[in-house]
Structures are given as structure tokens and as C-alpha cells.
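Take a look at the structure set out below.
FYI, side chains are in, hydrogens and waters are out, and symmetry mates aren't considered; it's all heavy atoms of this structure. Keep in mind that this is a model prediction, so the values were computed, not measured.
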Amino acid sequence: MKKLFSVFAFATLVAACNQAPKEEPKPAAEEGKKESAAVSYAYPMNYSADFSMGDPKLAQTIAQLWKEFDNNTFQSTRANFADTVTMEFPDGTKFVGTGDSAVAYSGQWRSSIPGVKSSIDAIMSVKENKSGDRWVLVWGKEVDSLKGGKKNSTLLHEIWRFNKDEKIDYWHQWTSKEVKAK
């Protein structure tokens, strides 16, 4: 019996040593992360290719600005803008002025449209890692109700930059007409 027990104990020890170690589960924060490898791009980056996710509260601010634009209450957003703001429009025009002027200009533009209804497809806050610049990128659609009942639907892509005081100092918008399915 002692011999049988010794053989059984030895076999169990050998089997335990041959089993692969169990992999510890990764914390939820690490799931989905990949090791970043050096990447070579076909073109040099004029600004950067080194971004990480940013503060979602900045994206929340931009979503609220869109809502205020829809509601024709854009004047209430002044506290979100820096003292100096640059705005670049899809038609190539550029505005550089005070935060007060930027909000007033946007409010005048909005007041010229009888109705606006926007939707956001995606929004994200990112941070450029070297400079620390913080951006919000937003993709969506604006449907304008014009005089006479006509509607105009425009797809939008906007980038918004926040300064160190978390105030908007730069905005650029690109547009495209929505292609209707046939």
C-alpha cells in the first residue's frame, strides 16, 4: 500500500509540473489594449500621429454647444470660449476675433435659420501627447428647416480645440451633402 501511495504521489507531482500555468485575468482597464509598435506612415505628419483619449467632459461641452445652437440659445455658451477664437468654415472663410464676437457671429448665423435639428453620430475627446493640446472631434448631421418649409440636410465633421483653461480657442468645420439612398 505504501508503494502504491508513493507511485500515486509521484504521478500527481509529475502531472502538476507538466500543466501550463494558469493565465491571470487582465484587469478590465487593460482589456482591448494592444501593445503599440512603432509605425511608419507613408507621409510625414504635419502636426502629430501621437494621440490618446482625452477628457470626456470636453466632448460633453461640445454636445451641449450643438444643443444650444439647435435651440437658438447660443449666446448662453460664451463662458466656454477663450478671449481669442479662430473659426474656419467649410467655404474657406476664416474668422479670428474675441470670444464675444465669435458667439455673436454664430448666434446671428443661427438666427437666420428658422429651425435646426442636429444629431451626433460620434464624438470623442483626444489629447495630443507631445504638446498636450486637447481636441474634440465630432461627426453628425444638421437638418435646417428653411423658409417655405424646405429642409436642408448637411453632414458635419468638426474639430474643437481647448486651451489650458479648458476654453475653446479654435474650431474648424467640414461639410458634405447627405446622399439619399435610391
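The distance from atom NZ of Lys151 to atom OG of Ser145, rounded to the nearest 0.5 Å, is 4.0 Å. Ile168 CD1 to Trp160 CH2: the interatomic distance, rounded to the nearest 0.5 Å, is 5.0 Å. Separating the OG atom in Ser153 from the NZ atom in Lys177 is a distance of 8.0 Å, to the nearest 0.5 Å.
Looking at every heavy atom in both residues, Val85 comes nearest to Gly99 through CG2-CA, 3.9 Å. Shortest non-hydrogen contact noted between Met124 and Ala59 is C-CB, 4.5 Å. Across Asn163 and Ala82, no two heavy atoms sit closer than the pair ND2-CB, 3.5 Å. In terms of heavy-atom proximity, Phe74 sits nearest to Ser106 at CE2-CB, 3.4 Å.
In this structure, a donor-acceptor pair under 3.5 Å is absent between the side chains of Ser48 and Asp50. With hydrogens and angles left out, the side-chain atoms of Ser118 and Glu142 include no donor and acceptor closer than 3.5 Å. Residues Asn80 and Thr61 bring no donor and acceptor atom of their side chains to less than 3.5 Å of each other.
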Applying side chain to side chain contact (heavy atoms under 4.5 Å, CB included), run through Thr154 and Glu178 and close with a yes or a no.
CA-CA 6 Å; Thr154 305; Glu178 185 173 30; over 6 Å; no
Check against side chain to side chain donor-acceptor pair (under 3.5 Å), Ser111 and Gln108
CA-CA 5 Å; Ser111 293; Gln108 285 176 333; over 6 Å; no
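Counting heavy atoms from C-beta on, the side chains of Thr77 and Val103 come closer than 4.5 Å. Contact annotation: the side chain of Tyr170 never approaches that of Phe162 to less than 4.5 Å [non-hydrogen atoms, C-beta and beyond]. No side-chain heavy atom of Trp171 sits less than 4.5 Å from a side-chain heavy atom of Ile62. Glu166 places a side-chain heavy atom less than 4.5 Å from the side chain of Arg134.
Met87 is connected to Val136 through a chain of hydrophobic side-chain contacts under 4.5 Å among Ile, Leu, Val, Met, Phe, Trp and Tyr, so both are in one cluster. Using a 4.5 Å cut-off between side-chain heavy atoms of Ile, Leu, Val, Met, Phe, Trp and Tyr, with links allowed through other members, Phe51 and Leu137 fall into the same hydrophobic cluster. By the rule that hydrophobic residues join a cluster once side-chain heavy atoms approach within less than 4.5 Å of another member, Ile113 and Leu156 end up as members of one cluster. Connection of Met53 to Leu58 is not established within any shared hydrophobic cluster, with ILVMFWY side chains joined at heavy-atom distances below 4.5 Å, either directly or through further cluster members. Residues Val138 and Ile159 are members of separate hydrophobic clusters, defined by side-chain heavy-atom contacts under 4.5 angstrom among Ile, Leu, Val, Met, Phe, Trp and Tyr.
The number of heavy-atom neighbours closer than 6.0 Å to CG of Asp83, taken from other residues, nucleotides and ligands shown, is 12 or below. Heavy atoms from other residues, nucleotides or ligands lying under 6.0 Å from CD of Gln60 number 12 at most.
Pairs engaging residues 56-79 under the salt bridge (charged side-chain N to carboxylate O under 4.0 Å, His left out) rule: Arg78-Asp100 [sequence neighbours left out]. Sorted by first and then second residue, the ring-ring contact (aromatic ring centres under 6.0 Å, His included) pairs with a member in residues 101-123 read Phe89-Tyr105, Phe95-Tyr105; sequence neighbours excluded.
With Trp66 as the fixed residue, the side chain to side chain contact (heavy atoms under 4.5 Å, CB included) test singles out one of Ile123, Val116, Ile120, Asn71: Ile120.
Looking at Ser125, its side chain never comes within 3.5 Å of a backbone N or O of Pro56 through a donor-acceptor pair. Checking side-chain atoms of Lys167 against main-chain N and O of Ala79 turns up a donor-acceptor pair under 3.5 Å. Using modelled atom types, one side-chain atom of Thr98 and one backbone atom of Ser101 make a donor-acceptor pair closer than 3.5 Å. Listed for the Arg110 side chain is a donor-acceptor partner under 3.5 Å among the backbone atoms of Phe69. Without hydrogens or angle criteria, Asp144 side chain to Leu146 main chain gives no donor-acceptor distance under 3.5 Å.
Qualifying ring-ring contact (aromatic ring centres under 6.0 Å, His included) partners for His172, counting only residues two or more places apart in sequence or in other chains: Trp174.
Aromatic ring orientation, His157 versus Trp139: parallel (interplanar angle below 30°, classes split at 30° and 60°).
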